[in-house]
Every structure is written in C-alpha cells, then in structure tokens.
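Naming convention: chains lettered A, B, ... in sequence-line order (proteins, then strands); numbering from 1 in each chain. These figures come from a predicted structure and were not determined experimentally.
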2 protein chains.
Amino acid sequence: MIHNRIALYRVERGLSRKELAVAVGVNPQTIGFLERGSYSPSVELALKLAAVFRVPVDSLFSLTPFPALATQITSDHPQRSESDHDELTLPANARPV
Amino acid sequence: MIHNRIALYRVERGLSRKELAVAVGVNPQTIGFLERGSYSPSVELALKLAAVFRVPVDSLFSLTPFPALATQITSDHPQRSESDHDELTLPANARPV
DNA sequence: GCGAGGTATTGCGTATACACAATAATTGAG
DNA sequence: CTCAATTATTGTGTATACGCAATACCTCGC
C-alpha cells in the first residue's frame, strides 16, 4: 500500500490535473487515478513528478500514511527544522488529504 | 529510461541478491533483472529498497545516468557534506509543505 | 576432481500500470 | 440561466513488472 501527496502539491502549485499530466507525460486520468486510489506508479513517473514539484521522491510517496497537515503546521511561517518532511508518529486513522 | 545504484549499494553492504530480495520481499531474479537492465520498478519497491539501504530514493534511482564513482570520490575518508546523498538532476531547494 | 553459493539467462503466467474514449457531475464566470 | 473547465467514473486494451522454474556458468573451498 502506497500513499502520496500528489493532490496536495498539485493544488498548492495551482496546477490542474491536465497540466500536471502534460508536464510528466502521462494521461490526465492517470493523475486522477493516482490521486484518489493509492496505487504504486513506476519510479520513473515518481521521479518525474518529484522533479516537477522539486521535492524528493520520499516526500511525495511513502509506505506509511502521511500525517494530516494540521498536525504538522505549527505556525503560518514556520522555521523549518531539518527533519520535518519525513516520518510520522501519528495515528493511522487520520485522513491525509 | 531509468538508472539505479542498486548493485553498488548492495555490494557495498555485503548483501547477496537473495538476501536483498528477501529483505524487500521480491524474487532474487527481480533484483538481478533490476541490476542489469535498466527498468523501472514500482515506487513501492523503490521505497523498500531505499529503506533497506537507508538512503533517499533519489540517490538510488535517477532519470539521468549516475556519474562514475571515480568522479565523485575526492578522498578516501571524505567529510560528508549535508547534501551528498541528494542527486544531480534536482536542485536541493526541496520545499516540503 | 567434486560440490556449493552467487549469478546469468530463458521462458511462461499473472497482475497491474497506463493509454484512450466516453460520459456525467461539479463549479465558476458571463 | 448558459458555457467552459475541471474532475469523477467506467470500460477496454496493451505493455510490463514481477513470480516462479529450470538450466548453465564461474569461483571458491574441500
């Protein structure tokens, strides 16, 4: 089971699915499928998505659920600590967006 | 086209293909196939491999060829800089939420 | 010489990632 | 309201990731 933050990053960057699809060279439906179901694309696609968002693959895909945003945001202008982007220690019942 | 450093990391850690295969839950032939051909496994498998080696996915898989070791090694006992493990194609300005 | 462990290679079967088409539902702008 | 853009959903087809079995090669220890 794979979890991802594609919808999150996409919306944050103000991209439509079609735009993102074009950017990584797949069909818009593939993006849609990726965002709602949790399915595991090829690393190639994962790398392209990560490149578009300019984030490491590990912050886009995870074997464990991503924590909900509310549990991560401590301030509107957080000073980044080094290890913010990885692991979770939180309940699995929290729905990642 | 996908490139990877699986053989490199595996040998470095002193693992056989069978051991690595067991560690990530696939067949030894799959590891062998991964190491010689350049093919693109699922992110799930990529994440598991990265977890075994304790390195980011981006340092294990890349859309562009990895530089030969000789071009990277500057000293037999390098002092690790913060961004050594992150790769060539992506600038290190990763901006996690 | 022998056998054992690691690897390479081939072939076949199955599951699934992804393409593509069509339609419907939703929302926002006019 | 109408129209357009985005998204959701369903269905079909193809390529390929991966499992599994069998065989062969190479190197090392006996």
Side-chain angles (χ1 to χ4, degrees), chain A residues 1-53 55-66 68-69 95-97, chain B residues 1-53 55-66 68-69 87 89 97:
Chain A
M1 200 61 136
I2 273 287
H3 304 82
N4 73 72
R5 273 171 166 162
I6 295 177
L8 193 69
Y9 281 119
R10 181 177 61 78
V11 172
E12 193 189 33
R13 308 300 165 95
L15 295 172
S16 72
R17 289 186 181 171
K18 187 183 295 184
E19 289 170 325
L20 179 55
V22 170
V24 297
V26 300
N27 254 293
Q29 282 98 326
T30 297
I31 302 295
F33 195 48
L34 247 172
E35 287 186 359
R36 55 182 171 282
S38 22
Y39 96 126
S40 186
S42 62
V43 242
E44 183 163 4
L45 181 50
L47 284 168
K48 287 179 182 171
L49 288 165
V52 167
F53 294 134
V55 299
V57 171
D58 309 76
S59 78
L60 200 50
F61 293 93
S62 171
L63 294 172
T64 56
F66 287 102
L69 274 188
R95 284 276 306 152
V97 185
Chain B
M1 200 62 135
I2 272 288
H3 303 82
N4 73 72
R5 274 172 166 161
I6 295 177
L8 193 70
Y9 280 119
R10 182 179 59 78
V11 173
E12 193 187 34
R13 308 300 163 96
L15 295 172
S16 73
R17 289 185 180 171
K18 187 183 296 182
E19 288 170 327
L20 179 56
V22 170
V24 297
V26 299
N27 254 295
Q29 282 99 324
T30 296
I31 301 295
F33 195 48
L34 247 173
E35 288 186 359
R36 58 181 169 283
S38 23
Y39 94 125
S40 186
S42 61
V43 241
E44 183 162 6
L45 180 51
L47 284 167
K48 287 180 183 172
L49 288 165
V52 166
F53 294 134
V55 299
V57 172
D58 310 77
S59 76
L60 200 49
F61 294 92
S62 171
L63 294 172
T64 56
F66 287 103
L69 274 189
E87 260 345 283
T89 54
V97 183

Minimum heavy-atom distance B:A46-B:V57, with the two atoms named: O-CG2, 4.2 Å

Nearest-0.5 Å distance that lies between atom NZ in B:K18 and atom CG in B:N27: 11.0 Å

Distance test, side-chain N/O of B:S40 to OP1/OP2 of D:dA17, below 4.0 Å: no

Inter-residue atom distance B:I2.CD1 - B:Y39.OH, 0.5 Å rounding: 11.5 Å

Spacing between B:E35 atom CD and C:dT9 atom P, to the nearest angstrom: 12 Å

N or O in side chain of B:R10 less than 4.0 angstrom from C:dT7 OP1/OP2: yes

Step-by-step side-chain contact (heavy atoms from CB on, under 4.5 Å) determination, A:N4 to B:V43: CA-CA 10 Å; A:N4 73 72; B:V43 241; over 6 Å; no

Whole-Å distance separating the CG atom of A:L34 from the C1' atom of D:dT9: 16 Å

Separation of D:dT16 P from B:F33 CZ (nearest whole Å): 10 Å

Residue-phosphate contact under 4.0 Å: A:N27 side-chain N/O, C:dC20 OP1/OP2: yes

Whole angstrom value for the distance that separates P of D:dA17 from CG of B:L49: 14 Å

Separation of atom CG in A:L45 from atom C1' in C:dA19, rounded to whole Å: 13 Å

B/S/- contact track for nucleotides 21-30 of chain D, protein heavy atom under 4.0 Å: BB--------

Phosphate-side-chain proximity, A:T30 and C:dA17, N/O vs OP1/OP2 below 4.0 Å: no

Minimum-distance nucleotide (side-chain atoms of A:K18 versus D:dA17, C:dG6, D:dT6): D:dT6

Whole angstrom value for the distance that separates P of C:dA17 from CZ of A:F61: 12 Å

Atom of B:E35, atom of B:I6 and distance for their closest heavy-atom approach: OE2-CG2, 3.8 Å

A:I2 CD1 - C:dT16 P separation (whole Å): 14 Å

Length of the CG-C1' vector between A:L20 and C:dC18, whole Å: 15 Å

Nearest heavy-atom neighbours spanning A:R13 and A:F53: NH1-O, 3.1 Å

Expected output: side-chain B:S40 to main-chain A:E44 donor-acceptor under 3.5 Å: yes

